[in-house]
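Nothing here was measured: the structure is a model prediction, and the numbers come from that model. Here is how names work: the chains are called A, B, and so on, in the same order as the sequence lines, proteins then strands, and each is numbered from 1.
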Protein chains: 2
Amino acid sequence: MRDNKPASSIISVAKEAGVSLQTVSNVLNFPERVKPETTERVMQAINKLNYTPNLSARRLRSKKSASIAVRVDSNASAGSSSEGLYTGYIQDEFVYEVVKAAEVRDVKVITYTCDPDEDEVKKLKKLVDSRDVDGFLLTSTVEDDPRLKYLIQSNVPFLSFGRPWASSDEFASSYPWIDIDGASGTADATKLFWDLGHRNIGFIGWKTFSVQPTNPRSVGDDRFLGWSKSLLELLNLKSKKISTNFFELGGESISSARDSARKLIAKFPELDALVCASDTLALGAQLEYRGLKKSIPISGFDNSPTSKVFNFTSLDQNIPEIAAHALVVLMGESGNTVAKVNSSKKSEQANLIFKPKLISRI
Amino acid sequence: MRDNKPASSIISVAKEAGVSLQTVSNVLNFPERVKPETTERVMQAINKLNYTPNLSARRLRSKKSASIAVRVDSNASAGSSSEGLYTGYIQDEFVYEVVKAAEVRDVKVITYTCDPDEDEVKKLKKLVDSRDVDGFLLTSTVEDDPRLKYLIQSNVPFLSFGRPWASSDEFASSYPWIDIDGASGTADATKLFWDLGHRNIGFIGWKTFSVQPTNPRSVGDDRFLGWSKSLLELLNLKSKKISTNFFELGGESISSARDSARKLIAKFPELDALVCASDTLALGAQLEYRGLKKSIPISGFDNSPTSKVFNFTSLDQNIPEIAAHALVVLMGESGNTVAKVNSSKKSEQANLIFKPKLISRI
DNA sequence: CTGAAAGCGCTTACAG
DNA sequence: CTGAAAGCGCTTACAG
């Protein structure tokens with residue numbers, strides 16, 4: 001059986017349908033310009049000849065690649081020394097969901113890697129200069145990020161998953177990003193435990209820029225704040241300060257979480273529920289409690305496989321929604337045309353903060 | 001500052017260097033055809049003008065995309081119900097290492113997804129017909145795999161990571177694959193425990209096609225066989241049968257492994273070391289032992305973050321090597337040209353089985 | 001609504 | 001070793 005490869009070109013389709021090639025092109029790219037009956041004839045020819053457009057030709061002529069780039073990272077270093085079990089879960093799911101949402105639009109996703117010793121800007125530049133991608137999806141950008149500098153300066157469209165912490169509002173609103181509302185998440189977990197009757201709800205988080213922040217300056221601050229603010233409110237405390245007995249901050253590792261849990265129990269024996277800044281920390285705390293043959297409700301963050309296997313409450317970032325929205329920011333509600341950055345009219349959908357969904361596993 | 005975008009084309013480079021455009025093209029694609037001094041002048045022009053070839057034009061003319069496709073999967077369903085913590089670790093690392101190895105060759109990696117309810121062949125076909133990729137890297141192909149059928153029939157180059165189990169030698173050698181030597185891995189773990197003085201080494205694996213196989217017909221058989229054969233040898237047993245007291249088979253989940261461990265301990269109380277078919281099973285067994293306040297050496301498979309955090313012995317599949325070799329099979333030792341499948345002269349590097357590396361964490 | 005021409009930026013024959 | 005021409009398969013003006 002002969003391979004049903006695409007007919008050599010649009011020309012054969014045009015001949016088959018008895019129209020000019022431009023009409024075939026119009027059917028494919030601007031259906032509204034073509035009379036329905038002509039469209040019908042052309043579609044029949046396309047199906048009969050099994051025609052698929054040559055995308056390189058299309059890209060060359062139209063100067064649009066209909067492709068975006070996203071970085072893939074390794075998880076091999078996770079678990080070593082003091083890290084968590086699957087620290088790259090969100091990043092991996094983001095990539096997967098972006099690819100999936102892109103397929104619906106006929107947008108290709110090109111992947112690249114960047115080890116710590118490599119210059120990521122060089123890689124971005126190469127992808128841009130060779131016309132292989134129209135835009136980028138970055139994760140966790142910071143104020144002095146060289147990638148931001150390059151992309152903004154070169155007028156290359158992009159969107160960051162993760163807002164720039166500890167930067168001015170002016171800077172934060174100078175480029176498109178979407179993010180997760182960490183404070184809303186930890187507040188929801190706190191309220192859940194409260195509603196279940198717990199009154200001594202502690203927190204284990206990360207040592208970050210500022211302890212007990214009023215304005216969050218990091219993801220850690222944000223998640224801390226959600227717990228502390230909601231707890232103050234629930235306790236109806238006049239004081240603006242949460243006692244330092246109620247929380248412990250450390251690194252993002254199981255062993256650090258075990259240390260934190262141990263200290264917390266010692267300082268605050270009446271502890272009856274625990275909000276954690278991540279699933280890794282929640283697992284560490286849970287293991288410490290298991291060692292003590294005790295059990296209290298614990299919550300983490302990300303709704304990762306870890307939280308499912310170890311069966312603790314977590315917060316789902318709803319990555320499919322995030323990924324789909326990322327593409328909306330780059331390319332509008334549909335289609336595969338990446339909008340060139342337009343300084344006068346900012347995309348109004350950017351800079352959105354999504355609330356995570358509480359997944360209760362009490 | 002003006003954006004240093006690539007000079008409009010190869011023509012400007014040719015003018016700058018005072019040569020014809022074909023010479024510039026030759027410098028880029030066939031350096032050996034050009035005199036060193038000419039090359040030097042052209043390279044200077046390229047650098048001066050910051051020229052980067054338009055890859056769509058190159059692809060259109062040369063009919064080579066210098067791109068390959070690989071599927072990305074979600075890990076969101078991992079951890080739910082009865083699965084492991086990070087079941088997609090090897091697949092994710094494979095994708096990462098493939099992208100990394102491809103970058104060295106200036107090969108692009110296009111990703112696609114495929115949910116269980118979708119037709120993967122349709123997606124492959126679209127990528128091929130639109131001329132976006134020259135070849136595919138698949139994982140875990142089986143004998144009646146529709147992807148194999150399509151790719152072989154259409155003469156599209158590909159390589160599978162994972163051999164076809166339970167199929168004839170003829171079928172297995174009919175297409176290129178590379179794989180891991182599971183038996184060698186579990187044998188290594190068994191020998192390690194033996195050398196440490198353990199004589200009652202058990203095994204926890206999966207319920208697969210055939211229990212106590214002489215010829216492995218699945219990954220589970222293969223890993224079982226490595227343990228059972230090496231143990232028979234070490235015990236210098238005449239009988240060709242391992243007592244069914246020494247092993248338990250179940251599903252790929254932590255809870256199944258806990259069940260297996262419990263049964264094994266009951267039937268075989270002198271058990272003093274445990275070889276497991278996966279890191280998930282090893283974790284389950286370890287947790288069961290912890291619950292009993294006991295500890296014996298346990299080994300898993302994959303050297304995943306889980307094995308690192310829970311600090312048990314495991315077997316590293318050396319994914320960087322696998323990925324690099326996959327590209328060698330597709331494109332030779334270097335370069336970005338995917339060799340068309342040539343039935344007369346099979347690539348001699350295909351159908352290789354790599355030994356995993358024992359990572360001892362005693 | 002449809003068509004004939006031009007051209008995107010390269011590489012591939014082929015000629016010298 | 002280098003050059004002038006052709007052409008890969010589309011879409012984009014533009015004309016009707």
Side-chain angles (χ1 to χ4, degrees), chain A residues 5-43 45-46 49-67 106 128-132 134 335-337, chain B residues 5-43 45-46 49-67 106 128-132 134 335-337:
Chain A
K5 54 174 56 175
S8 58
S9 75
I10 201 172
I11 294 179
S12 52
V13 175
K15 280 187 186 146
E16 176 72 27
V19 296
S20 72
L21 29 153
Q22 303 74 322
T23 301
V24 179
S25 177
N26 282 338
V27 168
L28 261 26
N29 300 299
F30 307 95
E32 71 280 6
R33 290 187 191 163
V34 184
K35 236 190 311 191
E37 55 237 54
T38 312
T39 301
E40 176 61 21
R41 240 181 328 136
V42 170
M43 288 310 293
I46 286 174
L49 299 176
N50 215 296
Y51 168 73
T52 308
N54 180 319
L55 294 183
S56 292
R58 176 178 284 175
R59 290 188 185 110
L60 174 61
R61 189 57 182 93
S62 69
K63 294 176 181 301
K64 291 182 291 188
S65 73
S67 304
D106 272 328
V128 170
D129 288 350
S130 63
R131 311 282 143 171
D132 259 347
D134 298 333
N336 55 20
T337 303
Chain B
K5 55 171 58 174
S8 58
S9 74
I10 202 172
I11 294 179
S12 51
V13 175
K15 279 188 187 146
E16 176 72 28
V19 295
S20 73
L21 29 153
Q22 302 76 320
T23 300
V24 179
S25 176
N26 282 338
V27 167
L28 261 26
N29 300 299
F30 308 95
E32 71 279 6
R33 290 187 191 165
V34 186
K35 238 192 307 194
E37 54 235 56
T38 313
T39 301
E40 176 61 21
R41 242 181 326 138
V42 171
M43 288 309 293
I46 286 174
L49 299 177
N50 216 296
Y51 168 73
T52 308
N54 180 317
L55 293 184
S56 291
R58 175 177 286 176
R59 290 188 184 110
L60 174 59
R61 189 58 181 92
S62 69
K63 297 178 180 296
K64 291 183 289 187
S65 72
S67 304
D106 272 328
V128 169
D129 288 350
S130 63
R131 310 282 142 171
D132 259 347
D134 299 332
N336 56 19
T337 303

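- Projected onto DNA chain D by closest heavy-atom contact, B:Ala57 and B:Thr38 fall at different nucleotides, the more 5' of which corresponds to B:Thr38.
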(message) In dot-bracket form, 5' to 3', how is DNA chain D paired? Count Watson-Crick and G-U wobble pairs only if both distances fall under 3.5 Å, and write | where the partner sits on another strand.
(response) |||.||||||||.|||
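- Side-chain N or O atoms of B:Thr39 include none that pairs as donor or acceptor with a backbone N or O of B:Val27 at under 3.5 Å.
- Atom P of nucleotide C:dG9 and atom CZ of A:Arg59 are separated by 16 Å, given to the nearest angstrom.
- With respect to A:Asp132 and B:Arg59, a salt bridge is recorded, a charged nitrogen being found less than 4.0 Å from a carboxylate O.
- To the nearest angstrom, P of C:dG7 lies 16 Å from CG of A:Leu21.
- Dashed line: the shortest gap from a side-chain N or O of A:Ser25 to OP1 or OP2 of D:dT11 is under 4.0 Å.
- Residue A:Arg61 has its side chain nearest to C:dG7 when only C:dC10, D:dG9, C:dG7 are considered.
- Formation of a donor-acceptor pair under 3.5 Å by the A:Ser65 side chain with backbone atoms of A:Asp134 is found in this model.
- Nucleic acid contact class of B:Glu37 (heavy atoms, under 4.0 Å, all strands): none.
- Residue contacts for A:Ser56: at a heavy-atom cut-off of 4.0 Å it reaches no nucleic acid atom on any strand shown.
- Of the candidate nucleotides D:dC10, C:dT2, C:dC10, C:dT2 has the atom nearest to the side chain of A:Val34.
- For B:Val19, the side-chain atoms get nearest to D:dG3 when compared with the rest of D:dC10, D:dG3, D:dC8.
- Out of D:dG9, C:dG9, C:dT2, the shortest distance to the side chain of A:Asn54 is found at D:dG9.
- When every heavy atom of A:Asp106 is checked against every heavy atom of A:Asn336, the shortest pair comes out as O-ND2, 3.8 Å.
- Distances were taken from every side-chain heavy atom of A:Thr23 (C-beta onward) to each of D:dT11, C:dT12, C:dT2; the shortest belongs to C:dT2.
- At the phosphate of C:dC8, neither OP1 nor OP2 sits under 4.0 Å from any side-chain N or O atom of A:Lys64.
- For the pair A:Ser62 (side chain) and A:Arg58 (backbone), a donor-acceptor distance under 3.5 Å is present.
- Rounding to whole angstrom units, NZ of residue A:Lys63 and P of D:dT12 are separated by 11 Å.
- Nearest-nucleotide positions on DNA chain D for A:Leu60 and B:Gly18 put B:Gly18 closer to the 5' end.
- Counting to the nearest Å, the P atom of D:dT11 and the CZ atom of A:Phe30 are 8 Å from each other.
- If you check D:dT2, C:dC8, C:dT11 against the side chain of B:Lys35, the one that comes closest is D:dT2.
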